[in-house]
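A quick write-up on the structure given underneath.
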Protein chains: 2
Amino acid sequence: MRLTTKGRFAVTAMIDVTMHGVRGPVTLAAISERQRISLSYLEQLFGKLRRHGMVESVRGPGGGYNLARDAGTVTVADVILAVDEPIDATQCGGRENCLDDHRCMTHELWAGLNAHIFSYLGSVTLADLVRQQQQPRGGELAVLQDHRHPAGSAASPEPVTAV
Amino acid sequence: MRLTTKGRFAVTAMIDVTMHGVRGPVTLAAISERQRISLSYLEQLFGKLRRHGMVESVRGPGGGYNLARDAGTVTVADVILAVDEPIDATQCGGRENCLDDHRCMTHELWAGLNAHIFSYLGSVTLADLVRQQQQPRGGELAVLQDHRHPAGSAASPEPVTAV
DNA sequence: TTTTAGTTGACTAAATCGTTCGGGTATTCT
DNA sequence: AGAATACCCGAACGATTTAGTCAACTAAAA
């Protein structure tokens, strides 16, 4: 699970489709203007989103993109995986050919971390994000409150925004 | 919070230092050989880690790197932030100059997502990862079991490993 | 049939990733 | 003192990714 601005652009665009798609398809030109994302870049992203079954396209005048599934069933992980090819952080590629005493330390390590991040991003749907967005000044995600954290040891001085 | 192989290399190297640093400093050459990471790349990473107060260096023969803080207080988020400069996914840069009806939709959206991912990665320490690593065939992180997930909607066909 | 809007492909500048090389400096050992 | 060790620094590199541009195409509606 890679996490870059590319995936964030895709999620932002998908939220736009969700919010403005209640009556008819949403054009990429409209998304481009509202979210300030290059139209041609959106074309690339939505090409992948369409091939991964995230959206459906309607051609011709009045056309655009609709969600292919209900907003409550499309997760952030789905969107990111559609546009961001997964990477393999383990040097053994999942096989057991790592030698000596530390047999594939990175493998199990990142498998666990990946699994959890994936699990979290797979638990947040577009509907969740839209619901949060439509509150006047919500700030935090409601669904996020549902996750507990072991409380200890964090305490980083950096501001949380724009991390 | 960007998530690439660069940060993973850094965390892997830090775990190596934690595991092998119980008696004296750990050389980059040893980490390079054990973890199969380029020595010069390690030098770049540890330069940043040192400047961010993650490790301390000992020069000369018998030298190497030690953890600057206790392994239980160094989180994965700390390490990743040290080597991976943060990105700004919001187009307004945190200020309120985004116009029209959707005032900075991406801003609050990613602020929330970032906050949660940061919160999770900030809750896993090097000590946790080493503890997990030293179990013969542990698999999952124990600390991960402490996080609940709303259960719904995920169901992705992809394997969780190497996401 | 003209316009709209998706579809595809090639192509680009810039940044990042991981690596290699070549020199430094501080410390310890002989 | 001098050699060996190991951190320190910066430049450069090919490969990949990012974000964007351009052009030509097809399907559908007015």
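In what follows, chains carry the letters A, B, and so on, assigned in the order in which the sequence lines appear, proteins first and then strands, with residues in each chain numbered from 1.
In this structure, B/Arg59 does not reach the D/dC9 phosphate: none of its side-chain N or O atoms is under 4.0 Å from OP1 or OP2. Put simply, A/Thr5 has a side-chain N or O that comes within less than 4.0 Å of OP1 or OP2 on D/dA19. The side chain of A/Arg50 places an N or O atom within less than 4.0 Å of a non-bridging phosphate oxygen (OP1 or OP2) of C/dT7. In terms of phosphate contacts, A/Tyr65 brings a side-chain nitrogen or oxygen within less than 4.0 Å of OP1 or OP2 of C/dT7. In terms of phosphate contacts, B/Ser57 brings a side-chain nitrogen or oxygen within less than 4.0 Å of OP1 or OP2 of D/dC8. Taking 4.0 angstrom as the limit, A/Thr4 places a side-chain polar atom (N or O) nearer than this to OP1 or OP2 of D/dT18. In this structure, A/Arg36 does not reach the D/dA19 phosphate: none of its side-chain N or O atoms is under 4.0 Å from OP1 or OP2.
With DNA chain D read from its 5' end, the first of the two nearest nucleotides for B/Leu28 and B/Ser40 is the one closest to B/Leu28.
Panel note: side chain B/Thr73, backbone B/Arg69; no donor-acceptor pair is recorded below 3.5 Å. Side chain of A/Ser32 to main chain of A/Ile37: a donor-acceptor pair is present (N/O by atom type, distance under 3.5 Å, no hydrogens or angles).
When heavy atoms are screened at a 4.0 angstrom cut-off, A/Gly64 is found touching the sugar-phosphate backbone but no base atom. Here B/Leu39 lies out of heavy-atom contact (under 4.0 Å) with every strand. Here B/Val26 lies in heavy-atom contact (under 4.0 Å) with sugar-phosphate atoms only. Using a 4.0 Å heavy-atom criterion, one finds that B/Ser38 contacts the bases of the nucleic acid, with or without backbone contacts as well.
Criterion: ILVMFWY side-chain heavy atoms under 4.5 Å apart, direct or through other members. Under it, A/Met14 and A/Val58 are not part of a common hydrophobic cluster.
Separating the CZ atom of A/Arg8 from the P atom of D/dA19 is a distance of 11 Å, rounded to the nearest angstrom. Note: NZ (A/Lys6) to C1' (D/dG20) measures 12 Å, nearest angstrom. What separates CG of B/Leu49 from P of D/dC9 is a distance of 13 Å, to the nearest Å. Nucleotide C/dT7 holds its P atom 13 Å from the CG atom of A/Leu45, rounded to whole Å. The CG atom of B/Leu42 sits 14 Å away from the C1' atom of C/dC17 (whole-angstrom rounding). Atom-to-atom, NZ of A/Lys48 to P of C/dT7 comes out at 16 Å; the value is rounded to the nearest Å. The distance between atom CD1 of B/Ile37 and atom C1' of C/dC17, rounded to the nearest whole Å, is 13 Å. Nucleotide C/dA5 holds its P atom 14 Å from the CG atom of A/Asn66, rounded to whole Å.
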*Does the pair B/Phe46 and B/Tyr65 meet the rule for a ring pair (Phe, Tyr, Trp, His ring centres under 6.0 Å), with working shown?*
CA-CA 9 Å; B/Phe46 274 80; B/Tyr65 286 95; 4.8 Å; yes
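Of all nucleotides listed (D/dC9, D/dA29, D/dA19), D/dA19 comes nearest to the side chain of A/Tyr41. Across D/dA28, C/dT8, D/dC9, the shortest atom-to-atom separation from the side chain of B/Arg51 is found for D/dC9.
Here the side chains of B/Leu67 and B/Met54 are not in contact, with every heavy-atom distance at 4.5 Å or above.
With hydrogens and angles ignored, a donor-acceptor pair under 3.5 angstrom links the side chain of B/Glu43 to the base of D/dC8. For C/dT8, the base has no donor-acceptor partner in the side chain of A/Gln44 [N/O atoms by modelled type, under 3.5 angstrom].
A salt bridge links B/Asp84 with B/Arg2: the distance from a Lys NZ or Arg NE/NH1/NH2 to an Asp or Glu carboxylate oxygen falls below 4.0 Å.
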